Amino acid sequence: MQPNSVPPPLRVSLFSLGIGAIGAGLAWSLSMPAPIIVGPALLVSIVGIAGVRVHVDDRIRNVCFVLLGVGIGAGFDPNASAAILHWPLAFVTLAVGLFATMLISRITLTRIFGFDHRSAVLAAAPGHLSFVMSLAETTGTDIGKIALAQSTRLLALTLIVPFVAQAMGYPLRNIGAMGGPPMMLWELAILSAGGVAVGLIFQKLKIPAPLLMGCMAVSGLTHVTSQIDGGVPSWILTPAFMTLGTVIGTRFSGMTRADAQGALLAGVTITVIAAILAVLTAVPVAYMLGMPVAHVLVAFAPGGLETMIALGAVLKADPGFVAACHIMRLVILIGLIPLMLGRQS
């Protein structure tokens, strides 16, 4: 095939994925944690800020989420469901932490970085980016500042969480191998097809990350009931993780350096606030539930839904608990964000 016969969007996607692969290789050579996520996210972000167009086609991204969903669902433990009796306590603690995070971050953005009140509320929201940006478009806020601060939060947490986990003694080098021995390819095909079908239903129900959650639900159910054993082969799952890292990095495409610097400072500041409060709430919950702190931390970390669930699976955390906490975080934010916006009316 001649180079000019490749559609421009596909060429950009292949170029971006190539940059991500180089980033993964560099991160691996430097012994960075979670190199096939962190490396692509970091290098693609740098390239995007430098003015190079980077983007991953939605179809490629969706295939990535399907494979990750099946792989994460393969880690469901049929014996872990007993912990659900204690999860309401985790949800209450999570809600308190989210309110404190938004309140402190809003005050910081308005008093130090000059955000108006409504823009500060939306920029401070630790999650649910699509909901936040939809509100930003209809409330007369500074969409640019909000988008930049939110993108910085997502990238920063993708980079921070693996290092924190490694410091706690969790090796994150070979993260492409999950769920034990590999399943058969026909089993992967069946789970993927079933997961996509459920994902389309989830999409109509407006459940976030529908393809990821649908495939994770189908894969998890079949593994919990022992209908299918084994995980997604590493030669398939590794490129999926690299694609995820690349997708995260593309959020910075098209930014000017001045915009990036301003967003970086504000975004890093509110990320630090959110991370500190996540730790403060995760530690007591981990103690009360008898779970490793790293497992609860990745469940409480206000990062991207897909990324944090994937990192939770890498840490061997109960995927049901991690997913439930992140879904509950989005549910809480759906009520909390309009409430805080209303208080500024």
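From a predicted model like this one, the values you see are computed outputs, not experimental measurements.
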hydrophobic_cluster_shared for [Y] and [X], side chain cutoff 4.5 Å:
X: Met183; Y: Leu237; result: yes
X: Ile19; Y: Val52; result: yes
X: Leu188; Y: Trp186; result: no
X: Leu336; Y: Phe91; result: yes
X: Val96; Y: Ile104; result: no

Open item on the list: Side chains of Leu185 and Ile236, heavy atoms from C-beta outward: is any pair under 4.5 Å?
Closed with: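 Yes, close enough: below the 4.5 Å cut-off.
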Item to complete: Measure the shortest side-chain to side-chain distance between Tyr287 and Val293 over non-hydrogen atoms and say whether it is less than 4.5 angstrom.
Response: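 No. Closest side-chain heavy atoms not under 4.5 Å.
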Ala95 meets the side-chain contact (heavy atoms from CB on, under 4.5 Å) criterion, sequence neighbours left out, with Ile332
Sequence neighbours excluded, the answer for side chain to side chain donor-acceptor pair (under 3.5 Å) partners of Asp57 is Arg59
Please report the interatomic distance [atom1]([X]) to [atom2]([Y]), rounded to the nearest 0.5 Å.
X: Ile270; Y: Leu265; atom1: CD1; atom2: CG; result: 10.5 Å
X: His117; Y: Leu109; atom1: NE2; atom2: CG; result: 11.5 Å
X: Ile228; Y: Met184; atom1: CD1; atom2: CE; result: 11.5 Å
X: Leu67; Y: Leu211; atom1: CG; atom2: CG; result: 11.0 Å
X: Phe115; Y: Leu122; atom1: CZ; atom2: CG; result: 10.5 Å
X: Thr246; Y: Leu17; atom1: OG1; atom2: CG; result: 5.0 Å

Nearest non-hydrogen partners of [X] and [Y], listed with the distance:
X: Leu212; Y: Phe65; value: CD1-O, 3.6 Å
X: Ser16; Y: His55; value: OG-N, 2.9 Å
X: Ala299; Y: Cys325; value: O-CB, 3.5 Å
X: Thr110; Y: Ile107; value: OG1-O, 3.0 Å
X: Gly39; Y: Ala27; value: CA-CB, 3.6 Å
X: Thr101; Y: Pro126; value: CG2-CG, 4.3 Å

- Task: For Leu26 and Leu42, run side-chain contact (heavy atoms from CB on, under 4.5 Å): C-alpha distance rounded to whole Å, both residues' side-chain angles, the deciding distance at 0.1 Å, then the answer.
- Result: CA-CA 10 Å; Leu26 291 173; Leu42 186 56; over 6 Å; no
Practice prompt. Could you walk me through whether Leu277 and Phe300 pass side-chain contact (heavy atoms from CB on, under 4.5 Å), step by step?
Written response: CA-CA 9 Å; Leu277 287 169; Phe300 278 25; over 6 Å; no
Exercise for review: May I have the step-by-step check of side-chain contact (heavy atoms from CB on, under 4.5 Å) for Val285 and Leu94, ending in yes or no?
Suggested key: CA-CA 9 Å; Val285 169; Leu94 178 63; over 6 Å; no
Worksheet entry | Trace of the side-chain contact (heavy atoms from CB on, under 4.5 Å) decision for Met102 with Val121 | CA-CA 7 Å; Met102 287 195 64; Val121 168; 3.8 Å; yes
Note to self: When you measure from the side chain of Thr222 to the backbone of Ser219, do you find a donor-acceptor pair of N or O atoms at a distance under 3.5 Å?
What the structure shows: yes
Under a 3.5 Å distance rule, please check whether Arg329 uses its side chain to pair with a backbone N or O of Leu98 as donor and acceptor.
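No, because the side chain of Arg329 does not come within donor-acceptor range (under 3.5 Å) of the backbone of Leu98.
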Checking side chain to side chain contact (heavy atoms under 4.5 Å, CB included) against Val218, which of Val70, Leu191, Ile190 comes through?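 The residue from Val70, Leu191, Ile190 that satisfies side chain to side chain contact (heavy atoms under 4.5 Å, CB included) with Val218 turns out to be Leu191.
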Donor-acceptor pairs are to be reported for all side-chain atoms of residues 194-204 against protein atoms at under 3.5 Å, with residues two or more places apart or in another chain.
none

